[in-house]
There are 2 protein chains.
Amino acid sequence: MESQKQKILETTHNLFFQCGIRSVSMDDISKDLSISKKTLYQYFKTKNDLIEQVLNWVLKNPKFNFQSEKLKNLNAIECYWKFHQFIIEILGNPHHSFDYDLNKYHPELALTFKTKKMEMFKADLIMNLNQGIKEGLYRDDFDKDIISNLLIRLYLGLWNQNLAVYNQDDKFTESFHRELTLYHLHGICSIKGVEYLKTVTDQ
Amino acid sequence: MESQKQKILETTHNLFFQCGIRSVSMDDISKDLSISKKTLYQYFKTKNDLIEQVLNWVLKNPKFNFQSEKLKNLNAIECYWKFHQFIIEILGNPHHSFDYDLNKYHPELALTFKTKKMEMFKADLIMNLNQGIKEGLYRDDFDKDIISNLLIRLYLGLWNQNLAVYNQDDKFTESFHRELTLYHLHGICSIKGVEYLKTVTDQ
DNA sequence: TAAAAACTATTAACCCAATAAAAGTTTCCT
DNA sequence: AGGAAACTTTTATTGGGTTAATAGTTTTTA
């Protein structure tokens, strides 16, 4: 039964993201679902397999795909403005015990998961850069690859604990993210783009 | 003899930055200096004390203080352009075994060292932001604190190993740093500033 | 007086076995 | 067929004892 497998993935995902991977045993999962481990192992060969499929399930989740189709009529700046509100969903929020366990006990899965997330993020970014350049709203004298990597690194750094050590104040607040977004847009906008941006933020 | 102490600090600094802290013993240091450990321990109570004084010596080193006195006649953009060339000296380059040892075996020293470096960096940044705003070259509608933190985080993230994992390509090259600097300047410049910036980079 | 060398005391890494938890399997039962 | 529970196997963690390295001290020597 395929819907049962989906149910297992969803429940396991919730347990993992709440409590971490290590502390959630296969017994816990089966009890939570009121199914037997036998059934569980019919769908998933090992726990590692289960984790991997949960990660893929997360990536396929519609909320992780920026719906650019709906934004066809928007220009690049407006589009990025929508985009930035959804970035946190993709990259964060850090579920610390989950991330910790994944990195420590399943480093290969952690790497491919992070890589895939980043690739999706980067693809969206590059698309936005291309659109903005075509529209004349963004400059065309920067390296799209470097700039997109910069931004990704910046976002990655935001969640990183030990980078934050030197200052506890800069929590990820709304105003912080707004500043970051404006900083980014100014960083890539042409003069025409900056002027347009002003009309957007002024209202 | 004060000059001998300076000599010790300098030599120890070189050894630490080359080989790390752990693998450089007090015997190694005294042998390298051709002095006895007895003499060494006259100046430094313990190895930890020695490390601490080396770190302070590094921070007091003139190359770590951005000499803004010499740049009085430059405007904020020119000034930052000089500044960015010297940033690498402050924050990097990562001497991996040194950083590793410092973080693992002397976490308190590592923390205060990093904090002090960041404070110095940030003070210079804020000064530059204030200058640029006063000159009308920078916008005045951003949060100086947030933006300077952003940039610091970005630079910190650059050295961070596990943030780079997803992509090996974006090494810290000259062109990479140039892109970053232009991105940053565009991010904070007013329209007047952007126009001025163009005349600088075009030449 | 200070270098060189020998010394002691600490400390951290290493190994190994015991233990406990949880992965994975089988049996029983409805 | 599938849930419940009992079962075996695997695995990671724990703690103790050993060793090696090196911090820190003392003695020797020039």
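Chain naming here is simple, since letters A, B, ... match the order of the sequence lines and numbering starts at 1 in each.
Residues B:Gln6 and B:Glu10 bring no donor and acceptor atom of their side chains to less than 3.5 Å of each other. Side chain to side chain, A:Thr115 and A:Thr112 fail the donor-acceptor criterion of an N or O pair below 3.5 Å.
When distances run from any side-chain atom of B:Lys38 to the nucleotides C:dG24, C:dA2, D:dG2, the shortest one goes to C:dA2.
Between A:Lys31 atom NZ and D:dA6 atom P there is a gap of 11 Å when expressed in whole angstrom units. Computed from coordinates, the A:Ile21 CD1 to C:dA23 C1' distance equals 15 Å when rounded to whole Å. In this structure, the CD atom of B:Gln4 is 14 Å from the P atom of C:dT1, given to the nearest Å. Between A:Lys37 atom NZ and D:dT8 atom C1' the separation is 11 Å, expressed in whole Å. Put simply, NZ on B:Lys7 is 18 Å from P on C:dA2, counting in whole angstrom units. The NZ atom of B:Lys47 sits 12 Å away from the C1' atom of C:dA12 (whole-angstrom rounding). B:Gln42 has its CD atom 9 Å from the C1' atom of C:dT1, to the nearest Å. Spacing between atom OH of A:Tyr105 and atom C1' of C:dA21 amounts to 13 Å, rounded to whole angstrom units.
Between A:His84 and A:Tyr80, the two ring planes are parallel [angle under 30°; tilted spans 30° to 60°]. Classification of the B:Phe16-B:Phe98 ring pair by plane angle, with boundaries at 30° and 60°, yields tilted.
Two residues, B:Thr46 and A:Arg22, neighbour DNA chain D, and the one matched to the more 5' nucleotide by heavy-atom proximity is A:Arg22. Comparing A:Tyr41 and B:Asp27, the nucleotide of DNA chain C nearest to each residue sits closer to the 5' end for B:Asp27.
Side-chain nitrogen and oxygen atoms of B:Ser36 include at least one within less than 4.0 Å of the OP1 or OP2 phosphate oxygen of C:dA3. In this model, the phosphate group of D:dA1 is not approached by any side-chain N or O of A:Thr39 to a distance below 4.0 Å at OP1 or OP2.
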